[in-house]
Amino acid sequence: MCVFLSIVQMEDVIARMQDEKNGIPIRTVKSFLSKIPSVFSGSDIVQWLLKNLFIEDQVEALHLGTLMAAHGYFFPISDHVLTLKDDGTFYRFQTPYFWPSNCWEPENTDYAVYLCKRTMQNKARLELADYEAESLARLQRAFARKWEFIFMQAEAQAKVDKKRDKIERKILDSQERAFWDVHRPVSVYGLQNDIRSNSPTHTPAPEAKQPTEEELREQIKFWQAQLDRHRLKMSKVAESLLSYTEQYSDYDPFLCTPDPSNPWISDDTTFWEMEASKEPGQTRVRRWGFVINEVLKDPVGREQFLKFLESEFSSENLRFWLAVQELKKRPIREVPTRVQEIWEEFLAAGAPSAINVDSKSYDKTTQNVKDPGRYAFEDAQEHIYKLMKSDSYSRFIRSSAYQELLQAKKKVKHFK
Amino acid sequence: IAYLLTHPSSICAFLKMACQGLAKGETTNTLKAESESLKAKLEEERAKLHDVELHQVAEKIDALGQFVMKTRRTLKGHGNKVLCMDWCRDKRRIVSSSQDGKVIVWDAYTTNKEHAVTMPCTWVMACAYAPSGCAVACGGLDNKCSVYPLSLDKNENLAAKKKSVAMHTNYLSSCSFTNSDMQILTSSGDGTCALWDVESGQLLQSFHGHSADVLSLDLAPSETGNTFVSGGCDKKANVWDMRSGQNVQSFETHESDINNVKYYPSGDAFATGSDDATCRLYDLRADREVAIYSKDSIIFGASSVDFSLSGRLLFAGYNDYTINVWDVLKGTRVAILFGHENRVSTVRVSPDGTAFCSGSWDNTLRIWA
């Protein structure tokens, strides 16, 4: 049975709403010469939701209530459009027989029988609305051949209905009508039309096959590897998340207004123009000082870092790292050639930009280059990254070049 | 049997018996038992390091103030449900795709449509902008991922230059370029993810491990890493090594389909949105779920999630047409945004964090700031 979790949860809430003690008070209202049985007001629903689902805001309660109405769990007794109003409008609960969890998919023939039956009942309140009369006419044309059969069913149902108690009939008639308001809604752009449609991605999955012996052995290997993993304590992890967020708060436009303004709010693109300029502002430069990755991911940061290392004649590590990153971005066809080029430039005997890698990585790389793939230099790159992080990067951050950029007065430029 | 399986020595005795010439059917059963007991042991180990809750540690930081988030732009032009969108790195252009097969490239800042393409299939559930800004990828019920180079000549027929890259055996649910225009990562209803070379269409690596449709994936935001996370209808979120194809970590705490996965900006954690009406945060170092974002009044599934730049806020779109904004650290909801007139299908923060875009089954996209 393909019942969505949201349906189950809604029905839980509905059941609570119908609870004798803590639910919505249901009453019979006297009106002119008759009684209106089993109703409650829209405000009653809103108040109940506010109180029992701990909702702080009336708008939210109204929104949730409207969705439940659109699914047909309760309905306005005098309207075909299923929406919730926070006023004295009367609502009634739908009988569980008609709930969505029963996976209703009523056919047009069922609808035809229903509309036909309505025309047999001589009551003003049961008169067909315009759109219903139109639907009936269309269905009569579509089912012309079997109309006699449909008519007979409608007659039979009407006969059964007549035997019921008057009050009971009033209630059941309204519930049946509400059912059809969900499944054959008024063609007005509204919630009802869309509640029914579903994405093709959420079709119920077929029964999972029993895993094979091979698969089970793989699973066991996987769990064992997971058990061997090193884990951090929650307290440590929490501190780390807090400090990361703290560090970047100033850069988060939702927490700290960008300087001079957020383009989306002010309709002024100065903020973007400043970011695009080759002259990095102080806040941007400060960010490079957080971790090496901030320098590596900002093109201007990379440029400055490279410039600094070149001034020290020690740029080969960064250039190697950048070259390997570039390698991984190339189409697979170009990889073998690029691998050779990188090998010649940085690692081969007598390489012009020789880098220093540990012997283990060097041996592995030598092997990899014989059958060149995108990850041929992975070990070497990891080694070089660690070197850069502990050595070149910290020198860069302490360098006068970087410090000057950091202290630099923001040049006032006028952008068109 | 339950008692036997929780005591290591008993497991040994039990397995010994199994090895002493029992029938093959029983071998499968013992393997199953071993697998399940290891899984239970893993949960035990994970729980041991749970010395405090994230929101408790977060009590010492200031609460966030009142937010004023409004729709700053509304993009109208799709004739049917918007299913997916992605930002261009230029921070203002976006690509969006819809149920009727239309893929549109917009300058969201001016709300002008710049390109439009009609796919030969309906339900285009996935679309992505190339890092260079010169191409877009998309796919859906055609089981493929295709790349369209964006021409500067507005009159040029984009469909003519279409390049088919990925081929799955079921619908394409999500796609993403890696750091380059040359590789695309895809997830599919066929239960797998795959990495493709765009130029040749060659399959570089495939990722097997989910036992049902994979609905979403996200690449780790690292200059050095080669990992991504995926989530699907088997309620699992899996972390993968792109180089080896191996599943390196797995999390299973949701009660229903995981619709969307997104990394926390540092790459140490990720968030999920699920049909069980909750969003959750998983930390890779703690190796467990560290926060749940839920409320009694939220009973419809979360379709899409994304973090603000600092990771403090989580924007989540739901099937009840709303967007809830969560304080990631304290676990509380800081705002609820109304506006869409049908399900919110996609939510993504812009590359510089100045805004986020939501796409909906009401055929529109909204930019919020």
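Below, chain A is the first sequence line, B the second, and so on; all start at residue 1.
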Counting only heavy atoms closer than 4.5 Å, note whether A:Asn293 contacts chain B via side chain, backbone, both or neither. both
Contact leader toward chain A among [options], where contacts are heavy-atom pairs under 4.5 Å:
options: B:Gly140, B:Gly209, B:Ala108, B:Gly65; value: B:Ala108
options: B:Gln56, B:Gln249, B:Arg312; value: B:Gln249
options: B:Val52, B:Thr354, B:Leu54; value: B:Thr354
options: B:Pro265, B:Gly301, B:Ser200; value: B:Pro265
options: B:Lys48, B:Glu45, B:Arg73; value: B:Arg73

Interchain contact, [X] with chain A, by part (heavy-atom threshold 4.5 Å):
X: B:Arg46; result: both
X: B:Phe307; result: neither
X: B:Glu36; result: neither
X: B:Pro131; result: neither
X: B:Ala277; result: side chain
X: B:Ile61; result: side chain
X: B:Leu83; result: neither
X: B:Ser345; result: neither
X: B:Val198; result: neither
X: B:Lys70; result: neither
X: B:Phe356; result: both
X: B:Leu313; result: side chain
X: B:Ala291; result: neither
X: B:Ser297; result: both

Best-contacting candidate, [options], against chain B by heavy atom pairs under 4.5 angstrom:
options: A:Glu218, A:Arg231, A:Gln224, A:Lys221; value: A:Arg231
options: A:Phe54, A:Tyr385, A:Tyr248, A:Phe222; value: A:Phe222
options: A:Val291, A:Asp267, A:Thr245, A:Leu53; value: A:Thr245
options: A:Ala238, A:Ala61, A:Ser235; value: A:Ser235

From CA spacing to verdict: salt bridge (Lys or Arg N to Asp or Glu O under 4.0 Å), A:Arg330, B:Glu199: CA-CA 9 Å; A:Arg330 304 311 306 157; B:Glu199 195 195 55; over 6 Å; no
Could you check whether any side-chain heavy atom of [X] comes within less than 4.5 Å of a side-chain heavy atom of [Y], counting everything from C-beta outward?
X: B:Leu204; Y: A:Arg374; answer: yes
X: B:Asp320; Y: A:Leu67; answer: yes
X: A:Trp223; Y: B:Ser37; answer: no
X: B:Arg92; Y: A:Trp272; answer: yes
X: A:Leu255; Y: B:Ser310; answer: yes

Tell me if the aromatic rings of A:His63 and B:Tyr318 count as close, with their centers under 6.0 Å from one another. no
Is the gap between the ring centers of B:Phe67 and A:Phe254 under 6.0 Å?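 Not under 6.0 Å, so no.
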If I take atom [atom1] from residue [X] and atom [atom2] from residue [Y], how far apart are they, to the nearest 0.5 angstrom?
X: A:Glu213; Y: B:Asn29; atom1: CD; atom2: CG; result: 10.5 Å
X: B:Asp287; Y: A:Arg229; atom1: CG; atom2: CZ; result: 5.0 Å
X: B:Asp296; Y: A:Ile55; atom1: CG; atom2: CD1; result: 9.0 Å
X: B:Phe300; Y: A:Leu64; atom1: CZ; atom2: CG; result: 7.0 Å
X: B:Lys60; Y: A:Leu242; atom1: NZ; atom2: CG; result: 6.0 Å
X: A:Lys328; Y: B:Met242; atom1: NZ; atom2: CE; result: 9.0 Å

I'd like to know if the side chain of [X] and the backbone of [Y] have a donor-acceptor N/O pair within less than 3.5 Å.
X: A:Tyr244; Y: B:Gly311; value: no
X: A:Gln226; Y: B:Val248; value: yes
X: A:Gln325; Y: B:Glu223; value: yes

Tell me, with the steps shown, if A:Gln219 and B:Lys32 meet side-chain contact (heavy atoms from CB on, under 4.5 Å). CA-CA 9 Å; A:Gln219 270 182 33; B:Lys32 226 188 192 172; over 6 Å; no
Among side-chain atoms of [X] and [Y], is any donor-acceptor pair under 3.5 angstrom?
X: A:Thr66; Y: B:Tyr321; answer: no
X: B:Asn226; Y: A:Glu378; answer: yes
X: A:Ser240; Y: B:Arg285; answer: yes

Candidate pair B:Leu49 and A:Met234, rule side-chain contact (heavy atoms from CB on, under 4.5 Å), full reasoning: CA-CA 6 Å; B:Leu49 294 165; A:Met234 196 50 227; 5.9 Å; no
Salt bridge (Lys or Arg N to Asp or Glu O under 4.0 Å) between A:Glu56 and B:Lys295, intermediate numbers included: CA-CA 12 Å; A:Glu56 296 105 33; B:Lys295 257 180 171 290; 3.3 Å; yes
